[in-house]
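Okay, so here's the structure we're looking at.
Index from 1, following the sequence.
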Amino acid sequence: MTRTALTTLLVANRGEIACRVMRTAKALGLTTVAVHSATDRDARHSREADIRVDLGGAKAADSYLDIDKLLAAAKASGAQAIHPGYGFLSENAGFARAIEQAGLIFLGPPASAIDAMGSKSAAKALMEKAGVPLVPGYHGEAQDLETFRAAAEKIGYPVLLKATAGGGGKGMKVVESESQLAEALASAQREAQSSFGDARMLVEKYVLKPRHVEIQVFADQHGNCLYLNERDCSIQRRHQKVVEEAPAPGLSSAQRRAMGEAAVKAAQAIGYVGAGTVEFLLDARGEFFFMEMNTRLQVEHPVTEAITGLDLVAWQIRVACGEALPITQEQVPLNGHAIEVRLYAEDPANDFLPATGNLVLYRESAPGEGRRVDSGVSEGDNVSPFYDPMLGKLIAWGQTREQARLRLLAMLDEFAIGGLKTNIAFLRRILAHPAFADAELDTGFIPRYQEQLLPAPQPLPAQFWQAAAEAYIQSQPLAPRPDDRFSPWAANSGFRAGMPAHINLHLNCNGQTEALSLSHTAPSTLKLAGEHLQVEDNGLRLRHLAVRRGDTLYLQWDGELHAVTRYDPIAEADASHSHQGGLSAPMNGSIVRVLVEVGQTVEAGAQLVVLEAMKMEHSIRAAQAGTVKALFCQEGDMVSDGAVLVELEES
C-alpha cells in the first residue's frame, strides 16, 4: 500500500484531548490546526495550535458537531487529515465518510467499521453471531415505550437504558421499577439526541457487582491486528469512569489472552483500522460478557501508553498514512502498573453536578518520573456550561500498583484549583480507601463506600480558622502611603500606637462562618512565607498552601483546598431576602423543558423543570407538595447558577 504524505493535521475536538493529540503531532513535525467555538476562542487548545479556525456558535451543535464547518476549516487551513479525538463526532460514520469523500485522511476506522460497531445494538448482534457471550437485553429497532416496557419485564428489573450511538454515560439510566421507565426513557432519549444526534436506545439487564475490563486493540491497513493488554475501569460514578488502571488487577494471563483474542476477532470481523477498545463486563466467576466497542481513542489510553511505552496517537497517524504496525503480538510490552484519575469541574457532594466558572487558581502537580498530566485548561480560563466538565487527567506509573497509587496521591496533594468546585478531594478519598488499595474493584465501589467517599460536611476545626485568619491578614495587599512606604499605618498587622496589635474579622468558608480576634502580643507560630503558611506546634513545623486571589484566600487543609472570604455580617443579613419557596438553577445551563404552569398543584418530588448543562440533563423537582406561584424561565432560556426558576407555595 502506498504511504500518504501528511504535513498538516486538524483536530476536530477541544479540551485536553485536542492538546494531547497536538503534542504528538508537533513532535512528529506536523503543523497543527485547532477549531473552536465562539465560547472557546481563547481556550488552551486554541492557543496551543499553529493554526486555528473559528467555527462560531456556542453549543456543540453549532460548532464541533457541524460537519460542513469542520470540512471547510480543513480546506481553509490546508490540513490533509482530521483527528476526531473522542466524543463529539469521533464515532459518527457520516463524519468519517464525509472526510473520505473530501479526499482527506480520517484518523480513525473506516466508516463501515463505525457503522458496524458504532451502534450498540448492531455490535451486540454481530457479537452474538460470533458466539461472544452477551448480557440479556433488547437491541431492536422499535423504540416505543410499550416495546421497552415489555422488554424490561422479560429481562427483569433493574435494567439499564443506553444510547445505541453513545458513550461516556450520556443517555444512560438505571431503572429500578416499571414506574420509573417512562420518565427515564424520555430523558435518556433527549440526552442521546443532544449529545450524539441519535435518540435510539437499547435496554439490558443491570448486572450486579461487575468489573469493567476493556481491551485496547490496534489494526493497520495490511490486515495486522493486535491487543495492547487491558484496562480496569470499574470505578465509575453516574455510569462514567472516574479511575482507570492497567493492567487489570488480578487478571490471569489466560483471561487476558482469551479477552484479547476475542477483541481482535471482533475488530477483524469488521475490517477495523486504527485504535479501538472492546469493552467487557467481568463477573466474580471470571466469565466475561461483551458490552460494546468504542471505535476511537479512549480517554484512558495514557495508562496503556504507560505500561507499554508506546505513543498511540503516533501509531494512529502512521497507520492512517499506510504504515504497518511496528511490532507483533508477542512483542507487546507489559511493564509495571499505571493508574489514571479524571479531574472534573463538579460538586461530588451535590450529586456530581457540573460546575462552571473561572479558574482563578490552577496549579498542576510537579513533573517527574512516573508522573503525567494531560490537561486542557490553564489559570484564568473559563469553564462553560456547553461542554463536558472534564478539566484533565492525572496519570501515575510505578513498578508496582502500590507505587503508582502513592505517586498519584502525591500528585493530587500538589494540585490546586480555585474558583469552582472540583472532584480532587473525592479522587483522593478513592485512592486512599483500603478497599481500593487492596484492589477490591467493581462498578458498585462508589455507592458501596459512599459514606467514606462522600462524607457529610463537618464543622471546620478551630485550628483551621486560626490558620485561615492569620493567612488572610498576612496575605492582604499593602496600601503604602505615597510619602512614606515604611509607615506602620500601611501595615496589615493591626498595629496601634501604645496598644496591643488587635484585629477582629469574620470569615466564611464552605457556608460556615466564624468570628475571630487576632492579638499579636507575642511572636506568632503561624507565618506566611511566599504562598505557604508555616504552622509550628511543639517543634513540629507543617506547611499549607495559602494563595490569595483578590478577596479570596485558598488554604489547603487536610488534603482539601478551601476558599476563605471575609464578610460583613450586617450586610449579609440585609442581603438575605430571597424568593420564599424559590427553586433555583444548580448551575449555568439551558432550559429544555418546563413541565408546570402557574397555578398548578404538584406533589412532592414532581418534576418541574429540566435543565441541560454539559451534555447532561438535571431535573428541578418540588421539595414538598404545593402550588406553582410563579415561573421565571421558559424553554430555550440560558440561566445562571442560582437563578430562581420556579416559586412554589407550600400546601
Side-chain angles (χ1 to χ4, degrees), residues 349 360-366 368 371 379 394 406-429 431-432 452 455-478 488 490-496 499-567:
V360 297
L361 173 65
Y362 182 81
R363 298 282 177 83
E364 296 183 352
S365 52
R371 290 163 161 246
E379 187 165 301
L394 286 71
L406 293 176
R407 272 183 176 161
L408 196 48
L409 277 169
M411 292 174 68
L412 286 169
D413 284 342
E414 295 170 13
F415 239 87
I417 298 178
L420 44 74
K421 292 184 180 296
T422 73
N423 65 338
I424 288 180
F426 172 67
L427 294 173
R428 196 186 190 290
R429 293 189 199 107
L431 294 179
Q452 296 103 307
Q458 298 296 319
L460 292 163
Q463 298 94 321
F464 167 83
W465 289 112
Q466 192 69 23
E470 286 285 1
Y472 196 92
I473 292 301
Q474 293 184 38
S475 65
Q476 192 135 315
L478 301 181
N492 54 17
S493 63
F495 168 79
R496 289 179 291 177
M499 299 179 68
H502 191 81
I503 299 175
N504 293 317
L505 71 164
H506 292 81
L507 297 181
N508 186 316
C509 181
N510 299 336
Q512 300 179 38
T513 59
E514 190 80 5
L516 297 114
S517 179
L518 301 183
S519 181
H520 293 170
T521 57
S524 175
T525 59
L526 300 157
K527 183 178 180 181
L528 189 67
E531 293 188 337
H532 285 88
L533 182 69
Q534 294 183 3
V535 181
E536 291 190 33
D537 185 15
N538 294 323
L540 182 68
R541 182 182 296 179
L542 301 175
R543 293 202 322 159
H544 301 267
L545 183 69
V547 180
R548 185 71 174 256
R549 289 290 184 270
D551 293 330
T552 302
L553 170 78
Y554 294 98
L555 178 64
Q556 201 157 36
W557 194 270
D558 287 340
E560 295 191 41
L561 192 69
H562 298 277
V564 180
T565 56
R566 193 170 184 173
Y567 79 103

Does a side-chain heavy-atom distance below 4.5 Å link V535 with T525?
no
Are L507 and L516 close enough that some pair of their side-chain heavy atoms sits under 4.5 Å apart?
yes
Could R363 and E531 be called an ion pair, given the rule that one side-chain N must be under 4.0 Å from one carboxylate O?
yes
Exceeds 12 heavy-atom contacts within 6.0 angstrom, atom CG of N510
yes
Are side-chain N/O atoms of N504 and S517 paired as donor and acceptor at under 3.5 Å?
yes
Is any side-chain heavy atom of L545 closer than 4.5 Å to a side-chain heavy atom of L555?
no
Could you check whether R549 pairs with E379 (Lys NZ or Arg NE/NH1/NH2 to Asp/Glu carboxylate O, under 4.0 Å)?
yes
Are any non-hydrogen side-chain atoms of R543 and L533 less than 4.5 angstrom apart?
no
Determine whether a donor-acceptor pair (N or O, by modelled atom type, separation under 3.5 Å) exists between the side chain of H544 and the backbone of Q556.
yes
Write down the atom of L505, the atom of A469, and the distance for their closest heavy-atom approach.
CD2-CB, 4.3 Å
Hey, could you give me the CD/CH2 distance between Q463 and W557, rounded to the nearest 0.5 Å?
6.5 Å
Evaluate the side-chain proximity of R429 to E560: yes if any heavy-atom separation is below 4.5 Å, no if none is.
yes
Between E414 and A366, the two heavy atoms sitting closest are OE1-N, 2.9 Å
Which heavy atom in L528 sits nearest to a heavy atom in A546, and how many Å separate them?
CD1-CB, 3.8 Å
Do I417 and L561 come within less than 4.5 Å of each other through their side chains, counting heavy atoms only?
no
At what distance, to the nearest 0.5 angstrom, does OG1 of T422 lie from CG of L420?
7.5 Å
So which atom in W465 and which in L460 form the shortest heavy-atom distance, rounded to 0.1 Å?
NE1-O, 3.4 Å
Step by step, would you call H506 with E514 a side chain to side chain contact (heavy atoms under 4.5 Å, CB included)?
CA-CA 6 Å; H506 292 81; E514 190 80 5; over 6 Å; no
Between R407 and L409 (side chain of the first, backbone of the second, donor and acceptor by atom type, cut-off under 3.5 Å), is there such a pair?
no
Rounded distance [0.5 Å steps], CG in L526 versus CD in Q466
6.5 Å
What are the two closest heavy atoms between F464 and C509, and how far apart are they?
CZ-SG, 3.9 Å
dist F426:CZ -> K421:NZ (nearest 0.5 Å) comes out at 15.0 Å
Atom of Y472, atom of D551 and distance for their closest heavy-atom approach:
OH-O, 2.9 Å
State, with a plain yes or no, whether a side-chain heavy atom of L412 is found less than 4.5 Å away from one of L431.
yes
Do E364 and M411 have side chains that get closer than 4.5 Å, going by heavy atoms?
no
